[in-house]
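Here the structure is laid out as C-alpha cells; the discussion comes afterwards.
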Amino acid sequence: MAGAGVQEILIAHEITGTRKCDRLARLQRTANVVTATDSLDHAKQLSAAGVREGETIPVVVEIDVGMGRCGIAPGDPTVKLASWVLNAPGLRLAGLMGWEGHTIKYDAGEKEKQIRDAMTLLVETAEQCRVEGLPIGIVSAAGSGTFLQSCLIPGLTEVQAGGGVFSDLSYQKWGLAEHEFALTIVARVVSRPNPTKIIVDAGFKALSFQHGYPKALGLENVGSIVLSAEHGTLELDEPADEPRVGDVVEFVPGYTDSTLCLHDEMCVLREGRVEAVWVIPGRSGRR
Ligand SMILES: Cc1ncc(COP(=O)(O)O)c(C=O)c1O
C-alpha cells in the first residue's frame with residue numbers, strides 16, 4: 001500500500017520480530033504507518049527498532065474489548081502501557097484501538113448491545129488516558145460487520161472495515177445485506193454425469209468454504225455443493241439440461257477474505273468489459 005502511494009496506513013495488528021520491526025521503522029520514510037501494541041515486552045521491541053533505524057513509529061495501544069484475542073485490558077493497564085509508549089524513544093503514541101469481532105455473531109438487538117458495551121470500554125479508556133494527560137488522537141475499532149452500529153458511538157475516530165468492500169454471503173449475513181456482490185469466481189462445467197449433477201472446475205483451492213459455501217449465480221435450485229480440491233459438485237433439486245459441459249458458472253464466495261488469497265490476479269469489470277487486471281500482492285504467506 002505504501003509503495004502504491006497510500007500515505008496513511010493503520011496496520012491493525014502487532015508487528016513482531018526484529019526484521020519486521022526494523023522494516024516497519026524504515027517504512028515511515030515512505031508513509032505514516034501506524035501499528036498496534038498490547039504489551040510492554042512488545043512495545044520495547046518496537047522502540048528498539050525505531051531507535052536502530054533512527055525513525056519514530058506511531059503506535060496505537062490495542063485493547064481487548066471482549067473478543068479475547070489480542071489486546072491489553074481496558075482501564076488502568078492500558079493507561080500504564082500508553083504512558084510507557086508516550087515516553088519511549090523511537091515511538092509516538094498515536095491512540096488506541098479495539099476490535100469487537102465477537103459481536104458479529106449476534107442477532108440485531110443483542111448485537112447492538114454487545115457493540116455498545118465493547119465501544120464503551122474503548123471510548124472510556126481513551127477518556128481516562130486523556131485525563132492522565134496522554135494525547136489520544138486515534139480511537140479506532142469496527143469492521144465491515146459492525147461499523148454501521150459502532151460508528152454511532154461518539155468518540156470513535158476511524159473504522160477498520162475492509163473485507164466487506166467486495167460483499168459476499170458472510171458479509172451480507174453480518175450486516176451488509178444491501179450491498180451488491182462485487183466479486184465472483186468464474187468456473188466452467190467439466191461434467192454432467194446425470195441431469196441433477198453439475199461438476200465444475202473450481203474446488204476449495206479456488207473458492208474456499210471458510211464461513212460457508214459459495215452460491216452459484218443464476219442457478220436457483222442448487223440443493224447442495226461439495227468442494228473437493230479441484231472440483232465443485234453441485235446437486236440440483238430438479239433435473240436440468242443447462243448448464244452444459246463447457247458453460248460458465250459464476251460463484252459468489254461464502255467469504256471473500258479466504259477466497260481472494262487463493263488467486264494471483266483479479267479482473268476488474270465495468271459494464272461487462274474487463275477494464276483492468278489487478279495483481280493481488282498480499283495474497284501469499286510471504287511476509
Ligand atoms: C483487528 C481487526 N479489525 C477489524 C477487522 C474487520 O475486518 P473486515 O472489515 O475485513 O471484516 C478485523 C478482521 O478480522 C480485524 O482483525
Side-chain angles (χ1 to χ4, degrees), residues 1 6 8-16 20 24 33-39 42-43 46 57-74 78 81 94-106 111-112 114-123 125-126 138-153 155-183 208-212 252-263 266 278 280-283 285 287:
M1 285 171 73
V6 178
E8 296 291 332
I9 299 169
L10 167 67
I11 302 177
H13 206 303
E14 282 70 16
I15 301 290
T16 62
K20 279 199 202 174
L24 173 69
V33 185
V34 182
T35 191
T37 191
D38 67 354
S39 70
H42 174 236
L46 284 180
I57 303 172
V59 169
V60 287
V61 174
E62 180 172 7
I63 302 179
D64 180 6
V65 292
M67 189 176 181
R69 196 175 63 183
C70 291
I72 194 167
T78 301
L81 180 57
L96 304 181
M97 70 160 262
W99 163 224
E100 66 286 14
H102 59 294
T103 66
I104 56 172
K105 62 176 183 278
Y106 294 107
K111 185 175 173 186
E112 240 179 273
Q114 294 279 344
I115 288 177
R116 212 173 29 250
D117 290 352
M119 292 302 92
T120 301
L121 291 174
L122 180 63
V123 168
T125 302
I138 295 172
V139 182
S140 175
S144 306
T146 61
F147 77 98
L148 290 173
Q149 291 93 350
S150 306
C151 271
L152 304 175
I153 311 288
L156 211 64
T157 65
E158 57 183 76
V159 297
Q160 301 157 18
V165 70
F166 295 117
S167 193
D168 60 41
L169 303 176
S170 292
Y171 285 111
Q172 289 215 342
K173 184 175 69 191
W174 294 331
L176 299 182
E178 285 162 21
H179 288 215
E180 281 178 45
F181 301 129
L183 187 136
S208 124
F209 51 90
Q210 179 92 15
H211 291 312
V252 175
Y255 187 43
T256 33
D257 289 38
S258 57
T259 304
L260 207 62
C261 61
L262 303 172
H263 299 269
M266 65 175 118
W278 290 346
I280 308 170
R283 78 169 202 84
R287 298 284 169 169

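In each ligand, atom 1 is the first atom listed, and ligand 1 is the first ligand listed. Predicted model only: the values in this text are computed from it and were never measured. Hydrogens, waters and symmetry mates play no part in the numbers below; they use all other heavy atoms, side chains included.
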For G143, the atoms of ligand 1 under 4.0 Å from one of its heavy atoms are 6 (C), 9 (O)
Whether Y171 and Y255 hold their rings parallel, tilted or perpendicular, with breakpoints at 30° and 60°:
tilted
What atoms of ligand 1 come within less than 4.0 Å of a heavy atom belonging to A12?
1 (C)
For A161, is the nearest heavy atom under 4.0 Å from an atom of ligand 1?
yes
For ligand 1, which atoms, with element, lie under 4.0 Å from some heavy atom of S144?
8 (P), 9 (O), 11 (O)
Atom 4 (C) of ligand 1: which protein heavy atom is closest, and how many Å away?
Q160 OE1, 3.4 Å
Among protein heavy atoms, which sits nearest to atom 14 (O) of ligand 1, and what does the distance come to when rounded to 0.1 Å?
W99 NE1, 3.9 Å
Side-chain touch I15/I57, heavy atoms, less than 4.5 angstrom
no
Any R69 heavy atom less than 4.0 Å to ligand 1
yes
Can you list the ligand 1 atoms lying under 4.0 Å from a non-hydrogen atom of G163?
8 (P), 9 (O), 10 (O)
Any atom of ligand 1 sitting under 4.0 Å from a heavy atom of Y171?
yes
What's the spacing between I138 CD1 and E8 CD if we round to 0.5 Å?
8.0 Å
Nearest-0.5 Å distance that lies between atom CD in Q160 and atom CD1 in I11:
12.5 Å
If you count every heavy atom of other residues, nucleotides or ligands that lies below 6.0 Å from H263 atom NE2, does the total exceed 12?
yes
Taking the side chain as every heavy atom from C-beta outward, state whether Q172 and S167 have any atom pair closer than 4.5 Å.
yes
Close N or O approach (G162, ligand 1; < 3.5 Å)
yes
Are any of the side-chain heavy atoms of L260 and F166 separated by less than 4.5 Å?
yes
